[in-house]
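Data block below; observations after.
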Amino acid sequence: MPWRGVTIIRGVGLQAERDPQRQLGMLADISLELAQDLDIGRILVGIVERSMALSGAQYGAAVTLTIDGHIEDFLHRGLSPEEVSLLPHLPEGKGLLGAVLEERGVIRADDLATHPASIGFPTAHVPMKAFLGIPLIHAGELVGALYLTKTPEEPPFTRDDEAFLKILATMAAVGIANSRLLNAESERAERGSLLRAIASRVRRSLDVNEVLAATVQALGRAASVERCFIRLVERPGKQWRLGPIAFEWDAPEIPSLNVDSDLQYPVTMLAAMTRATQWSDDITRDDRLRDPAVGVGADELIRMGATAILSTPLEWGDELLGVVTFHAQLPRKWTQADIALIEAAAREVAIAIDHARRYRQAVQTAEKLRELDQMRSDFVSMVSHELRSPMTVVAGIADILENRADRLAPEQSKELILTLGREARRLRRLVSEVLDLEAIDQGRMELHRSTVDLVGLVREAVADAVEPHRTKVETKLEGAIISVDPDRVKQVLLNLISNAAKFSEPDRPIRVTIDTQDDGFQLSVIDEGQGIADDHLGRLFQRFTRLDVEKRVAGSGLGLYLSKRIVEQHGGRIWVDSELGAGSTFTFTLPR
């Protein structure tokens, strides 16, 4: 049991004279000391020594109790250091000592060996006979007890001894209560100061990493522990998962846990699962940690420098953000004050994490909005250009046909009409892509499925594509029945074949292959063009995207994006394999 370093001296054994004036003086002295000194240890030592002097007791002791009724301190007088060293342990509140506490009443015995509650003494204990035990009670709360004993040759305690010592006990109980109130107020003020410092420190930054790095150090020192670390939730929601230890503070000479940052630490996991603070005063006596299912056992935790552990969840609303854990190297009684401080600090940290996270999300959103605004600006510029070119051609051909048709040779008229049709189709395709984009953004793009022969649909798309003379269909299938939106699938094929034609030389072939899969079909459009650099592949299927290699050709930058959305709406997927100088292969799948 804790012991406040009290020096042990031999009791004087002198009984104070039964002088009321002397007794009043003693009470006045004690009252003055209680008013000037609120240290519980010194208060009790003074009470014990005066009680021994008043009653003629050779031995005296006093105990204080914790809020939950356990012995906190045991202070004694009258035994020499040599006599104390012969004892196996200090008294533990059993026998007559425990009876005073349990009955909350005075016990006065002429011979303690004959009392029913006596359990005797250890072999090396000094001989004692007369006994007087008085509970220390304040406002109905048992805060401790005062014990006096005499050697066998001394007379027993009297009723006068009991009456006067009950007064001293009442004063001692008041002193203990006042001291605890002062300590509680001091702890409250200190906790408030620590919380303000922690809140100021963690709210000073809107960077999550900086917040957490500052947090573990401030919390670890505030809680007077040897280690503090935080594990954040990697996968929020019902199927949450705690990530590795990313933020840790260790006292000097305490090993870091980063080398085993993914290990399952039982108290930490328990706090996360229950969404409540969990602790262990001494893991060697905690039966929960004997279960192999909890992960790291007590022996491993002790090796890591942890004997007392406390974990509390970091929550914001109904969301679990993570867990902060404290390790103490020695056994420790986690008090309600400890828990209150740590939980309050955890709330501040959770608020700071949420603020930092929201700020980061706002910055990311703003960046995305800037990118989107730039993309739309580029798109408007591109569409304006793409519309202007074919419209200029159409308007020019219309003017020629209107004013000079009779002077054109048949070959010239035919060429103009072919050009007019090509540019009109180009306009129609561009307008169609813009309308499709709007439909996707509004969630109005629908599929009109029908059962078709996929091979026939592919051959039809090739026939309608640009430069059909160099596009070849390769498949071993004679027919492949599938339920799709034929117009949309044809649109995907036309986009891919058009791109293949744009980015390959006019004399290089384009191949369209059709193969079966377990649950559907796989189609590929293969060219022998210039290929695409690896760092550009990730951007291909984004809206409004035109890669550097596309600058020399016309296009809206929407074709691949729309193709991806159409394929995914069918339940398939689309991707590209490419190598610079060796061509590209665009592949997509369609479930049956």
Side-chain angles (χ1 to χ4, degrees), residues 425 429 433 436 447-534 536-542 545 547 549-550 553 555 558-592:
R425 286 191 298 272
R429 185 170 59 253
E433 287 177 346
D436 284 343
L447 298 181
H448 301 282
R449 291 179 179 269
S450 62
T451 302
V452 298
D453 175 10
L454 185 59
V455 175
L457 181 62
V458 171
R459 295 189 187 280
E460 182 182 326
V462 169
D464 292 344
V466 295
E467 304 182 25
H469 59 279
R470 65 177 175 126
T471 305
K472 181 182 179 181
V473 178
E474 297 179 357
T475 182
K476 295 180 180 180
L477 303 175
E478 296 183 359
I481 304 304
I482 190 171
S483 176
V484 294
D485 184 329
D487 292 334
R488 290 301 185 185
V489 173
K490 187 175 178 180
Q491 180 181 349
V492 173
L493 288 166
L494 290 173
N495 279 334
L496 298 181
I497 295 171
S498 174
N499 281 345
K502 290 177 183 177
F503 299 109
S504 61
E505 298 300 324
D507 61 342
R508 305 309 299 168
I510 299 170
R511 295 183 296 127
V512 181
T513 65
I514 312 170
D515 295 304
T516 58
Q517 286 188 319
D518 291 341
D519 58 347
F521 299 94
Q522 178 173 301
L523 298 87
S524 298
V525 177
I526 307 165
D527 67 62
E528 298 178 4
Q530 57 190 330
I532 305 166
D534 289 344
H536 289 166
L537 293 178
R539 298 172 50 206
L540 277 180
F541 296 99
Q542 296 177 6
T545 297
L547 303 182
V549 295
E550 298 180 43
V553 296
L558 287 174
L560 289 178
Y561 171 74
L562 294 174
S563 297
K564 182 175 185 291
R565 295 302 299 265
I566 292 170
V567 169
E568 289 176 346
Q569 198 162 351
H570 275 85
R573 63 189 188 95
I574 186 170
W575 69 94
V576 60
D577 297 299
S578 185
E579 182 180 346
L580 281 177
S584 303
T585 299
F586 284 83
T587 304
F588 67 97
T589 61
L590 293 172
R592 291 186 188 276

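Every value quoted in this text rests on a predicted model; they were computed, and no experiment measured them. Just so you know, residue 1 is the first one in the sequence shown, and it goes up from there.
- Judged by distance alone, with hydrogens and angles left aside, the side-chain atoms of Arg470 form a donor-acceptor pair with the main-chain N or O of Ala501 at under 3.5 Å.
- Between the side chain of Ser498 and the main chain of Ala465, no donor-acceptor pair closer than 3.5 Å is present.
- Nearest heavy atom pair, residue Ala461 against residue Leu494, reads O-CD2, 3.3 Å.
- Using a 4.5 Å cut-off on side-chain heavy atoms (C-beta onward), Asn499 and Leu560 make contact.
- Each of Val489, Ile481, Val484 was scored for a side-chain contact (heavy atoms from CB on, under 4.5 Å) with Val452, with one residue passing: Val484.
- The closest side-chain donor-acceptor pair between Thr585 and Asp577, if any, does not fall under 3.5 angstrom.
- Salt bridge Glu460/Lys490: present, at least one basic N to carboxylate O contact under 4.0 Å.
- With hydrogens and angles ignored, the 3.5 Å screen pairs a side-chain donor or acceptor of Ser578 with a backbone N or O of Ile532.
- To the nearest 0.5 Å, the span separating CG on Leu590 from CD on Gln517 amounts to 9.5 Å.
- Between Gly531 and Ser584, the shortest heavy-atom distance links the atoms CA-OG, 3.7 Å.
- Val458 has its side chain within reach of Leu493: a pair of non-hydrogen atoms, C-beta onward, lies under 4.5 Å apart.
- Within the model, atoms CZ of Phe541 and CZ of Phe586 stand 5.5 Å from one another, a figure rounded to the nearest 0.5 Å.
- The two residues Ser563 and Ile574 have their closest heavy-atom pair at CB-CD1, 4.4 Å.
- Between the OG1 atom of Thr471 and the CG atom of Asp464 there is a distance of 11.5 Å, given to the nearest 0.5 Å.
- To the nearest 0.5 Å, the span separating CZ on Phe588 from CD on Gln522 amounts to 10.0 Å.
- Under a 3.5 Å cut-off, the side chain of Asp453 and the backbone N or O of Ala480 do form a donor-acceptor pair.
- Only one option out of Val455, Thr475, Ile482 pairs with Phe521 in a side-chain contact (heavy atoms from CB on, under 4.5 Å); it is Ile482.
- Atom CD of Gln530 and atom OG of Ser504 lie 9.0 Å apart (nearest 0.5 Å).
- Proximity of Arg449 to His570: side-chain heavy atoms (C-beta onward) are separated by under 4.5 Å at one or more points.
- With a 4.5 Å cut-off on side-chain heavy atoms, Trp575 and Leu537 do not count as touching.
- Annotation: side chain of Pro486 is in contact with side chain of Ser450 (closest heavy-atom distance under 4.5 Å).
- The distance from the CZ atom of Arg592 to the CG atom of Leu454 is 10.0 Å, given to the nearest 0.5 Å.
- In this structure, Thr587 and Val576 have side chains that are not in contact, with every pair of non-hydrogen atoms separated by 4.5 Å or more.
- Using modelled atom types, no side-chain atom of Ser524 and backbone atom of Ile526 make a donor-acceptor pair closer than 3.5 Å.
- Gln491 and Leu562 make their closest contact through NE2-CD1, 4.3 Å (heavy atoms, listed as atom of the first residue, atom of the second, distance).
- When atom types are taken as modelled, the side chain of Asp485 and the backbone of His448 share a donor-acceptor pair closer than 3.5 angstrom.
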